[in-house]
Amino acid sequence: MYKQFLHSQQLIQQFFRLSRISRRSDFPLTAEEPLMKNPCLAGALLSIGTCLVSLPCTVFATSENPDHQPAKITEGIKPPPPCHPNPNAQRDIRTVLTRGDIRHLPDALKGRLSILAGRPHSQLPTQAYAEAQENDKPKPSQLFQYYLLDTKGFEPNPFTSLISGVNDQAMLTATGADCGLPTVGAVRVVLEPKPGLPTNPNDPGAFIDIFTDIDPLFVINNESGWYEGWMIHDLLVAPTDDPRPDGHAKFGKLTKADADILKTMGTFHNIFIPSHHVIFTTDGKNEHFPSPMDLFPDRQTNVVPIQLSMGAYNCLQQSDCHAYWEFNYTTNWIHPLYELPFTGGIPGTFEAGKVGALQSIVPGSGPNGVNNDAVHYGDNPNNKGVLQASGPRDPDKFDLASEEDTDDSQREFRMRFIPSGLANEIMLDVYERLGSFEPGVTDFNTRLFDAYAAEVARVETTVTGGVIDGVISAVEGDIDTASDGFKDNSRLFLAAPTFKRFAVTREINDGLLAPRFAPSQKAWVLSGKVVPVSPSVPASAGEDGDDR
C-alpha cells in the first residue's frame with residue numbers, strides 16, 4: 001500500500017524532523033519528499049509499527065502540480081484528549097483524495113478536504129455528482145472557484161472565542177467541539193454544463209452547484225437555531241453615464257453629479273477606473289475588510305456587503321456539517337434589504353430598541369413602500385390561494401413544470417426576496433447616487449426605504465400592467481421577462497464570480513431573512529475569500545438521479 005515510501009527508518013527520521021515544525025503553516029515541502037504522495041505520514045507510520053501511535057497525525061496537502069510547486073503543511077486532524085480521534089483517518093483521507101470529484105481539484109482545496117476526512121466525522125465531504133449529460137453519459141461538473149473557511153478573519157465573538165466574564169464558564173457552543181480543534185471548512189463552486197445552458201459562470205443563466213463542508217461545528221439544539229452560509233458581493237464604484245429622462249441614473253450607472261460627489265470623499269478612493277473593480281467604501285478611504293482587530297461598534301468594515309443566502313443547515317453527531325445549494329436565476333435572490341435597520345448589526349439600532357421592530361413575513365416593499373393585506377399576500381394554509389391558484393407560499397415554485405405549461409398563476413407571486421442585481425441597484429441609490437437620488441437626504445433609513453420601494457416598482461410595473469404590489473413575483477423576476485425598458489432581466493442577477501467572500505453565521509429564530517446582526521460580523525462563525533480556478537477542472541463523479 002505504501003510502496004512509494006522510502007525505507008521505514010527514513011520515514012521515521014522525516015517524521016521527527018517535520019513534527020518539530022508541524023505548527024508552521026508556511027513550511028514548504030519539496031516535490032521529492034514522499035509526503036507529497038501520501039496525505040498522512042503518521043498514518044503511514046502506523047502501518048510500520050505501533051510505537052508512534054500516540055503522536056499527532058498531521059495532514060499534508062498532496063501535489064499533482066507539474067511545476068512541482070511546494071505543498072504546505074496544514075492543521076492537525078487529531079483532537080486533543082479527552083476527545084477521540086478518527087480511528088479510520090488513514091483510510092478516509094485516501095478515499096477522499098482518490099474520489100473522482102476530488103482528485104482533479106487544486107492542492108489547497110484537496111488539502112482542506114483531507115483534513116475534514118481525517119477528523120472525527122459522521123460523513124465524508126459531500127460527493128458531487130454530475131447533473132449534465134453528453135452522448136447519454138455523465139458530463140463532469142466544472143470547479144471554477146472555491147472558498148477555504150476558518151474563524152480567523154473577523155472580530156472574535158462568543159461563538160468563536162472564550163471571552164472572560166462573558167462565556168468562559170458557560171457551556172461551549174458553535175466552534176467549541178472536539179476539545180478545541182480549530183474549525184475549518186471548504187466551499188466548492190461548480191458549474192453544471194447542461195445542454196442549452198450557459199457554460200460561462202459569468203452568465204447569470206448558468207446553473208451552479210455549491211458544496212459546503214465544515215468541521216467541527218457543534219450541533220444546534222435550542223430555539224430552532226441553524227447555521228447559514230452567505231456568498232458576499234461587495235458594492236463596487238459604478239461607471240458614469242447620462243441620466244434617465246427623470247434625472248435618475250441609469251441601471252448600474254452613476255450620473256456625473258454622483259461621481260463628482262464621490263470623488264470628494266475621504267482619500268479619493270471612490271473613483272471609477274475602467275477595467276479595475278474598485279470596491280466602494282463608506283468613508284472614501286482604502287478598503288477595510290472584516291478583521292480580527294475590529295471592535296464593534298467603533299471599528300468595523302467600510303465596504304457594503306450584499307449577502308446571498310446559501311440556505312439553513314445544522315450539523316451531524318460528530319460536529320461535521322455538510323450543505324448543498326443551487327445557484328441560478330431562481331435562487332440568486334437577496335433578503336429584503338429594508339430589514340437591515342432591525343437586525344441590531346448597525347451601531348445604535350439595538351440601543352434604540354429597533355431589533356425586530358419590523359418584519360417582512362407579509363411580502364411588500366418596506367416601510368416607505370407598499371404594505372399588502374395579510375389575507376391576500378400572507379402564507380395561506382388552504383390548498384387554493386385567494387389571489388392565484390397556489391395556496392401555501394412556496395418560493396421554490398418558481399418555474400412552470402415544462403415549456404408546454406402556460407398557467408403562470410400557479411407560480412409563486414409572494415416572494416419576499418429580490419434578485420441580487422436589484423439589491424445592488426438599491427445600494428447604489430443609498431450610497432453612491434448622492435446627486436441623482438434624493439440629493440440632500442442623509443438619513444440612512446430614509447434613503448434605504450425609499451430606494452427599495454422605487455427600484456422594486458421599476459421592475460414589477462411591466463408585467464402587472466401598472467398594479468404595484470411591492471413584490472417581485474416569479475414571473476416578474478424571471479430572467480427572460482422584460483422590464484424597465486430592457487428586453488430581459490439578465491441585468492438583475494449578479495454572477496457567481498462577483499461574490500468574492502463567504503461567511504457562515506450562527507442564526508436563531510428571529511423572524512428576519514437578513515443575516516443575524518447584519519451587516520456586522522457579530523454572528524459570524526467562519527469566513528473566507530474566493531479562490532478562482534482558471535481553467536476550470538472536473539469536479540464530479542457519477543450522475544445525480546435528477547438532472548433538473
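At least one side-chain heavy atom of I210 sits under 4.5 Å from a side-chain heavy atom of M231. Side-chain atoms of Y227 and C315, non-hydrogen and from C-beta on, do get closer than 4.5 Å to each other. In this structure the side chain of L448 reaches within 4.5 angstrom of the side chain of L337, judged on heavy atoms. Two residues are said to be in side-chain contact when any heavy atoms from C-beta on lie closer than 4.5 Å; V355 and F342 fail this criterion. Within the 4.5 Å cutoff, side-chain heavy atoms of E507 are placed close to those of P515. Residues P204 and Y329 are not in side-chain contact: their nearest non-hydrogen atoms beyond the backbone lie 4.5 Å or more apart. Looking at heavy atoms from C-beta onward, V459 lies in side-chain contact with L422 at the 4.5 angstrom threshold. With a 4.5 Å cut-off on side-chain heavy atoms, V525 and T505 do not count as touching.
Side-chain contact annotation: S409 with Q388, donor-acceptor N/O pair under 3.5 Å absent. A donor atom on one side chain and an acceptor atom on the other are not found under 3.5 Å apart for H288 and N286. Residues T282 and N302 bring no donor and acceptor atom of their side chains to less than 3.5 Å of each other. Between the side chains of H248 and D429, a donor-acceptor pair is found at a separation under 3.5 Å.
Between E425 and R433 a salt bridge is recorded (basic side-chain N to carboxylate O distance below 4.0 Å). Using a 4.0 Å cut-off between a side-chain N of Lys or Arg and a carboxylate O of Asp or Glu, E228 and R516 do not qualify as a salt bridge. Ion pairing between D246 and R458 holds under the 4.0 Å rule for side-chain N and carboxylate O. Ion pair D213/R188 flagged as a salt bridge, since at least one NZ, NE, NH1 or NH2 atom sits closer than 4.0 Å to an Asp/Glu carboxylate oxygen. We find that D234 and R501 are joined by a salt bridge, their nearest charged nitrogen and carboxylate oxygen being less than 4.0 Å apart. A salt bridge does not link R393 with D379: every distance from a Lys NZ or Arg NE/NH1/NH2 to an Asp or Glu carboxylate oxygen is 4.0 Å or more. Salt bridge status for D443 with R447: absent, with no side-chain N to carboxylate O gap under 4.0 Å. Taking a cutoff of 4.0 Å between a charged side-chain nitrogen and a carboxylate oxygen, R411 and D405 do not qualify as a salt bridge.
Ring geometry for F493 against W333 counts as tilted: the plane angle lies between 30° and 60°, on a 0 to 90° scale. The aromatic rings of F502 and Y147 are tilted relative to each other, their planes meeting at an angle between 30° and 60°. Relative ring orientation between F327 and F499 is described as perpendicular, the plane-to-plane angle rising above 60° on a 0-90° scale split at 30° and 60°.
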- Task: Please test I306 against M427 for side chain to side chain contact (heavy atoms under 4.5 Å, CB included), starting from the C-alpha separation and ending with a verdict.
- Result: CA-CA 9 Å; I306 296 173; M427 288 308 195; 4.3 Å; yes
- Message: Does Y324 form a ring pair (Phe, Tyr, Trp, His ring centres under 6.0 Å) with Y313? I'd like the steps, not just the answer.
- Response: CA-CA 9 Å; Y324 169 75; Y313 48 92; over 10 Å; no
- Go through K250 and T240 one step at a time and tell me if the side chain to side chain contact (heavy atoms under 4.5 Å, CB included) criterion holds. CA-CA 9 Å; K250 294 178 180 176; T240 303; over 6 Å; no
- Give the C-alpha distance, both sets of side-chain angles, the deciding distance and a yes or no for side chain to side chain contact (heavy atoms under 4.5 Å, CB included) between F272 and L262. CA-CA 10 Å; F272 176 79; L262 295 187; over 6 Å; no
- Task: I would like to know whether R244 and D484 meet salt bridge (Lys or Arg N to Asp or Glu O under 4.0 Å); could you show each step before the answer?
- Result: CA-CA 11 Å; R244 299 172 184 255; D484 195 26; 3.0 Å; yes
- Message: V189 vs L143, test: side chain to side chain contact (heavy atoms under 4.5 Å, CB included). Steps then yes/no.
- Response: CA-CA 6 Å; V189 186; L143 179 98; 5.5 Å; no
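With hydrogens and angles ignored, the 3.5 Å screen pairs no side-chain donor or acceptor of N332 with any backbone N or O of S420. A donor-acceptor contact shorter than 3.5 Å links the side chain of D258 to the backbone of T255. In this structure a side-chain-to-backbone donor-acceptor pair under 3.5 Å is present from Q521 to E155. Judged purely by atom type and a 3.5 angstrom limit, N382 has no side-chain atom pairing as donor or acceptor with the backbone of K384. At least one donor-acceptor pair under 3.5 Å links the side chain of T301 to the backbone N or O of V303. The backbone N or O of P158 lies less than 3.5 Å from a partner atom in the side chain of N167, making a donor-acceptor pair. Side-chain atoms of N380 never come within 3.5 Å of backbone atoms of N383 as a donor-acceptor pair (strictly under, hydrogens ignored). S540 contributes no side-chain N or O that, together with a main-chain N or O of A128, makes up a donor-acceptor pair within less than 3.5 Å. Side chain of S224 to backbone of N509: no donor-acceptor contact under 3.5 angstrom is found. Although no hydrogens or angles enter the test, the distance criterion places a donor-acceptor pair under 3.5 Å between the side chain of T281 and the main chain of G284.
Atom CD of E192 sits about 5.5 Å away from atom OG of S141, to the nearest 0.5 Å. To the nearest 0.5 angstrom, T212 atom OG1 is 7.0 Å from L149 atom CG. The structure places CG of L217 at 10.5 Å from OG1 of T151, a figure rounded to the nearest 0.5 Å. Atoms OG and CD, from S365 and E460 in turn, are 7.0 Å apart once rounded to the nearest 0.5 Å. Interatomic distance, S390 OG to K397 NZ, rounded to the nearest 0.5 Å: 4.5 Å. Between the CG atom in N270 and the CZ atom in F268 there is a gap of 11.5 Å [rounded to 0.5 Å].
Minimum heavy-atom separation, N314 to G225: ND2-O, 4.2 Å. Residues F144 and V190 approach most closely at CE2-C, 4.0 Å, considering heavy atoms. Heavy-atom minimum distance, H335 versus L340: CE1-CD2, 3.8 Å. Between V456 and V471, the shortest heavy-atom contact is CG1-N, 4.1 Å. When all heavy atoms are compared, the tightest approach of I346 to P519 is CG1-CD, 3.6 Å.
The environment of NZ in K354 is sparse: at most 12 heavy-atom neighbours from other residues, nucleotides or ligands sit within 6.0 Å. Within 6.0 Å of CD in E351 there are more than 12 heavy atoms belonging to other residues, nucleotides or ligands.
Taking the ring centre of F251 as origin, the terminal cationic atom of R491 falls inside the region bounded by 6.0 Å and 45° from the ring axis. Both cation-pi conditions hold for K529 and F289: the charged atom is under 6.0 angstrom from the six-membered ring centre and inside a 45 degree cone around its axis.
Side-chain rings of Y452 and Y338 approach one another, their centers coming within less than 6.0 Å.
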